[in-house]
Amino acid sequence: MRGAFAAAVIDWQRRAGRHDLPWQRPRTPYRVWVSEVMLQQTRAETVIPYFARFTARWPDVPALAAAGREEVLAAWSGLGYYRRAIHLHEAARRIVERHGGALPRDLEALAALPGIGRSTAGAILALAWGEPAPILDGNVRRLLARWHAVEGWPGRAAVACRLWALAEGHLPRRDVAAYTQGLMDLGATVCTPRRPACAACPVAFGCEARRRGDPCAYPAPAPRRRRPRRRTRMLVLRRGDGRVLLARRPPAGVWPGLWSLPECAPGDDPEAWCRVHLGFAARTEAVLPTVRHAFTHFELEIEPLLLTVEGAAAVGEGQVCWVGGEETQGLALPAPVRAILGRIGA
DNA sequence: CAAACGTGGAA
DNA sequence: TTTCCAAGTTT
């Protein structure tokens with residue numbers, strides 16, 4: 001029965017889905033967009049406080065477009081995948097310039113904006129306007145892979161292509177917003193990766209993976225690869241007035257454009273490193289506890305070292321600054337750096 | 001197509 | 001402790 005899947009999802013969403021997420025009230029295109037970008041590879045519970053602060057400060061596209069990149073990054077600090085913030089900001093400016101300040105109601109125009117791919121574009125169209133556009137995020141991937149018992153890892157183009165076609169095929173003619181929200185709610189709360197609650201699932205009636213006895217066999221897991229471990233040394237250079245030296249990271253790579261602590265190789269003599277690279281003397285005060293930080297593709301072991309700087313050492317312009325106390329709240333700092341500074345009370 | 005890109009929570 | 005992985009996009 002074609003359409004039975006969508007009908008059941010829509011009915012379930014109205015009865016048991018989520019209706020009180022911050023981006024659902026009010027549900028404007030701008031708020032849908034910001035939330036979708038924040039939610040890329042990020043759980044809703046993590047996003048909620050960031051979304052609240054972000055939209056309170058920049059309630060619409062023109063406000064965001066008028067903001068500075070620095071403050072947008074600072075508002076993103078701790079959320080991860082910082083390129084998203086840069087893209088979001090850049091897209092806001094482009095929307096003001098080329099679309100009169102309103103998000104385009106068009107799949108191609110949306111996907112042409114930085115940070116908006118096919119799935120996010122579809123989500124904006126479906127949730128904000130009820131346009132019949134499919135999405136394919138982790139939830140929908142899992143839901144459809146199970147319902148149709150799709151073999152293969154969705155990272156492979158052929159499998160992804162199949163899933164997109166299935167997503168397209170299930171789209172209802174009406175109630176697209178409730179349907180789309182229902183897919184994500186189902187994936188997040190019922191059709192979970194580990195222990196799906198099939199007894200509570202409104203589409204269990206037609207689920208092929210369940211009929212075969214092992215829903216968790218779908219989708220096939222990604223090929224394994226081990227995560228290398230890297231080590232680095234971060235220097236907490238503290239001045240007499242309590243201020244600490246931060247250095248801006250390059251615009252590409254890890255933590256683009258964020259402020260971090262000066263780094264040297266674990267084997268280097270930190271005091272000599274300071275003289276050579278910063279041009280002033282510092283005395284080693286203490287070795288701080290190691291901070292382990294797990295990235296997606298590698299694990300970082302950070303050995304923080306506390307050093308005292310005599311006098312008010314000056315350093316070059318621009319890419320370096322001395323900060324202290326409340327100031328660090330307004331800066332874009334990577335999570336582990338925030339942890340290290342918090343530990344010494346800076 | 002593979003790799004890069006953060007972080008935190010759960011098993 | 002280790003591993004997985006979550007409302008993906010870009011290069």
Side-chain angles (χ1 to χ4, degrees), chain A residues 17-18 21-24 31-51 73 76-88 90-91 110-124 126-128 134-143 153-161 163-164 167 180-189 191-195 216 219-229 249-258 260 291-300 302 332-339:
Chain A
R18 297 176 291 188
L21 293 166
W23 39 92
Q24 297 176 312
R31 291 164 62 84
V32 169
W33 170 41
V34 172
S35 69
E36 285 302 324
V37 172
M38 286 188 170
L39 286 161
Q40 288 168 3
Q41 302 287 282
T42 311
R43 296 173 183 282
E45 313 84 74
T46 305
V47 165
I48 287 172
Y50 284 88
F51 178 84
L73 264 181
W76 209 271
S77 177
L79 198 50
Y81 285 132
Y82 298 95
R83 215 70 56 95
R84 293 183 296 173
I86 294 167
H87 285 153
L88 193 71
E90 176 56 31
L110 282 171
L113 292 166
I116 301 182
R118 185 173 175 186
S119 189
T120 299
I124 294 170
L127 295 174
I135 65 170
L136 191 61
D137 55 26
N139 289 316
V140 179
R141 227 170 5 243
R142 185 168 58 252
L143 215 54
W153 175 50
R156 293 172 55 90
V159 179
C161 193
L163 290 169
W164 271 111
T180 301
Q181 185 64 47
L183 290 179
M184 297 189 287
D185 290 353
L186 261 184
T189 66
C191 193
T192 52
R194 300 301 174 81
R195 302 211 175 179
C216 291
R224 294 198 168 191
R225 63 184 71 108
R226 55 174 26 270
R227 198 167 51 187
R229 196 171 60 210
R249 297 187 55 87
V254 173
W255 300 326
L258 272 64
S260 186
V291 173
R292 303 184 68 176
H293 191 73
F295 288 87
T296 308
H297 293 286
F298 64 94
E299 186 172 314
L300 190 61
I302 305 170
L333 304 174
V337 171
R338 215 172 260 296

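Throughout, protein chains are lettered first and strands after them, A, B, ... in sequence-line order, and every chain is numbered starting at 1.
Within 4.0 Å (heavy atoms only), A:L79 reaches at least one base atom of the nucleic acid. Within 4.0 Å (heavy atoms only), A:P334 reaches sugar-phosphate atoms of the nucleic acid but no base atom. A:G187 comes within 4.0 angstrom of no nucleic acid atom, judged by non-hydrogen atoms across all strands. Among the protein residues, A:W76 comes within range of no part of the nucleic acid, since none of its heavy atoms lies under 4.0 Å from any strand. At the heavy-atom level, A:A123 lies nowhere under 4.0 Å from the strands shown. Counting any heavy atom pair closer than 4.0 Å across all strands shown, A:S119 reaches sugar-phosphate atoms only and no base atom. Counting non-hydrogen atoms under 4.0 angstrom, A:P336 reaches the backbone sugars and phosphates but no base. Among the protein residues, A:R142 comes within range of the sugar-phosphate backbone only, with heavy atoms under 4.0 Å from sugar or phosphate atoms but none that close to a base. Base contact: A:L21 has a heavy atom under 4.0 Å from a base atom. Nucleic acid contact for A:R83: sugar-phosphate only, since backbone atoms but no base atoms lie under 4.0 Å from a heavy atom of the residue. Using a 4.0 Å heavy-atom distance criterion, A:R227 is classed as a base contact. If you check every strand for non-hydrogen atoms under 4.0 Å, A:V254 touches sugar and phosphate atoms only. Among the atoms of the strands shown, none is found under 4.0 Å from any heavy atom of A:A222.
Summarising the local packing, CZ of A:R156 is surrounded by 12 or fewer heavy atoms from other residues, nucleotides or ligands at distances under 6.0 Å. Annotation: A:R227, atom CZ; neighbour count of heavy atoms from other residues, nucleotides and ligands within 6.0 Å is above 12.
Classified by interplanar angle (parallel below 30°, tilted 30° to 60°, perpendicular above 60°), the ring pair A:W255/A:F295 is tilted.
Heavy-atom contacts of chain A under 4.0 Å fall on DNA chain C between two terminal nucleotides, which in 5' to 3' order are C:dT2 to C:dT10.
A heavy-atom distance below 4.5 Å is found between the side chains of A:Y81 and A:T296. Residues A:M184 and A:L127 are in side-chain contact: their nearest non-hydrogen atoms beyond the backbone lie under 4.5 Å apart. No side-chain heavy atom of A:T42 sits less than 4.5 Å from a side-chain heavy atom of A:Y50. In this structure, the side chains of A:L88 and A:R84 stay at 4.5 Å or more apart for every pair of heavy atoms. Side chains of A:L258 and A:L73 form a contact here, defined as non-hydrogen atoms less than 4.5 Å apart.
The nearest whole Å value for the distance from the CD atom in A:E299 to the P atom in B:dG6 is 16 Å.
The base of B:dG6 is paired with the side chain of A:T42 by a donor and an acceptor separated by under 3.5 Å. The base of B:dG6 sits within donor-acceptor range of the side chain of A:T296, with an N or O pair under 3.5 Å.
The C1' atoms of C:dT9 and B:dC1 are separated by 15 Å, rounded to the nearest whole Å. The gap from the P atom of C:dA7 to that of B:dA3 amounts to 24 Å, rounded to the nearest Å. B:dC5 and C:dC5 have their C1' atoms separated by 15 Å, with the value rounded to a whole Å.
Taking 4.0 angstrom as the limit, A:W255 places a side-chain polar atom (N or O) nearer than this to OP1 or OP2 of B:dT7. For B:dT7, one of the phosphate oxygens OP1 or OP2 lies less than 4.0 angstrom from a side-chain nitrogen or oxygen of A:Y82.
If you find the closest nucleotide of DNA chain C to A:H87 and to A:R43, the one lying nearer the 5' end belongs to A:R43. Heavy-atom nearest nucleotides on DNA chain B were determined for A:H297 and for A:R156, and the one closer to the 5' end corresponds to A:R156. Residues A:Q41 and A:A158 both approach DNA chain B. Their nearest nucleotides, taken by heavy-atom distance, put A:A158 toward the 5′ side.
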